[in-house]
Amino acid sequence: LVAKADIEPDWHLYDVDIPENGPNPTILSLDELKGATKIGGFKPINSELHKEFDKQFNMVIGYYEDQATFVQRFKVTDKNSFSLKGDVRAQACNDETCTPPLPIDFEFAAKDLPKTLKVDSNAADQNTTTANTDNAEPGETTAQVEPDSPDVSETTKTKGCHLSTS
């Protein structure tokens, strides 16, 4: 799952790892996960993290400017029953105000998986999957749901930030 944020000038979006009593972090919530398991956590990729002391919260806080991309990897174990539903929430702020962390809902089903994705016949026992990928780490495989239809890619525009999932 890929969440991309285009952040307006003079605005910023908070990191996924924010200390307690700080602003709202960027988070992923899963309402349903069938036919797959999570691999690792929801994390930023190819995004420049800025960290500085925030007087309002009295702590060092990480944030992104211009753009940010977050990813959650999944291992597909049953292609036919695959279902992924949830939301991504992110808070955008400038020097004067913040937006509420509104949910950007997403829903993906088996029909949205890449046709090249193949689940190992022993996946139920071994929990393994194979797929054609360019960015997989050694010993791991990934599959990105391609936005083939309007139902596959969700987009929300709020003041300060444009966030989409695919």
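- Here the side chains of Phe57 and Ile18 are not in contact, with every heavy-atom distance at 4.5 Å or above.
- Inter-residue side-chain proximity for Leu30 and Leu84 is flagged as met; some heavy-atom pair is nearer than 4.5 Å.
- Counting only heavy atoms from C-beta outward, the side chains of Leu1 and Phe108 approach each other to under 4.5 Å.
- Atom CG of Asp54 is separated from atom CD of Glu52 by 7.5 Å, given to the nearest 0.5 angstrom.
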Pair Phe70-Leu28, side-chain contact (heavy atoms from CB on, under 4.5 Å): steps then yes or no | CA-CA 9 Å; Phe70 304 90; Leu28 167 72; over 6 Å; no
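- Contact annotation: the side chain of Leu49 never approaches that of Tyr63 to less than 4.5 Å [non-hydrogen atoms, C-beta and beyond].
- Residues Val2 and Thr69 have side chains in contact (heavy-atom distance under 4.5 Å, counting atoms from C-beta outward).
- Between His12 and Tyr14, the ring planes lie perpendicular to each other; the angle is over 60°, past the 30° to 60° tilted range.
- To the nearest 0.5 Å, atom CD of residue Glu8 and atom CG of residue Asn94 are 9.5 Å apart.
- In terms of modelled atom types and a separation under 3.5 Å, the side chain of Thr116 and the main chain of Pro114 share no donor-acceptor contact.
- Annotation for Ala36 and Thr77: closest pair N-OG1, 3.5 Å, computed over non-hydrogen atoms.
- The distance from atom CZ of Arg73 to atom NZ of Lys43, rounded to the nearest 0.5 Å, is 7.0 Å.
- A donor-acceptor pair is defined here as one N or O able to donate and one able to accept, closer than 3.5 Å; such a pair exists between the side chain of Asp112 and the backbone of Ala109.
- Rounded to the nearest 0.5 angstrom, Ile104 CD1 and Phe106 CZ are separated by 10.5 Å.
- Of all heavy-atom pairs between Asp31 and Gly86, the closest is OD2-CA, 3.7 Å.
- Ion pairing of Asp87 with Arg89 is present here, as a side-chain N (NZ or NE/NH1/NH2) and a carboxylate O approach within less than 4.0 Å.
- Side chain of Thr99 to backbone of Ala92: a donor-acceptor contact under 3.5 angstrom is found.
- Annotation: side chain of Ile39 is not in contact with side chain of Phe74 (no heavy-atom distance under 4.5 Å).
- In the hydrophobic clustering of this structure, Phe42 groups with Leu33; members are Ile, Leu, Val, Met, Phe, Trp, Tyr whose side-chain heavy atoms approach within less than 4.5 Å, directly or through other members.
- Using a 4.5 Å heavy-atom threshold, the side chains of Leu117 and Val76 count as touching.
- To the nearest 0.5 angstrom, Lys111 atom NZ is 13.5 Å from Lys79 atom NZ.
- Both Ile7 and Val16 are part of a single hydrophobic cluster, where members link through side-chain heavy atoms under 4.5 Å apart.
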Dump the intermediate steps for side-chain contact (heavy atoms from CB on, under 4.5 Å) on Lys4 and Gln67, then the final yes or no.
-> CA-CA 7 Å; Lys4 293 182 181 181; Gln67 71 82 32; over 6 Å; no
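- In this structure, Lys34 NZ and Ser81 OG are separated by 8.0 Å, a value rounded to the nearest 0.5 Å.
- Linking ILVMFWY residues whenever their side-chain heavy atoms come closer than 4.5 Å, directly or via other members, leaves Trp11 and Ile61 in distinct clusters.
- Of all the heavy atoms in Glu20 and Met59, the pair that sits closest is O-CE, 3.5 Å.
- Checked by atom type and distance alone, the side chain of Gln91 pairs as donor or acceptor with a backbone atom of Asn24 at under 3.5 Å.
- When the shell of 6.0 Å around CD of Glu48 is examined, it contains 12 or fewer heavy atoms from other residues, nucleotides or ligands.
- Using a 4.5 Å heavy-atom threshold, the side chains of Glu65 and His50 count as touching.
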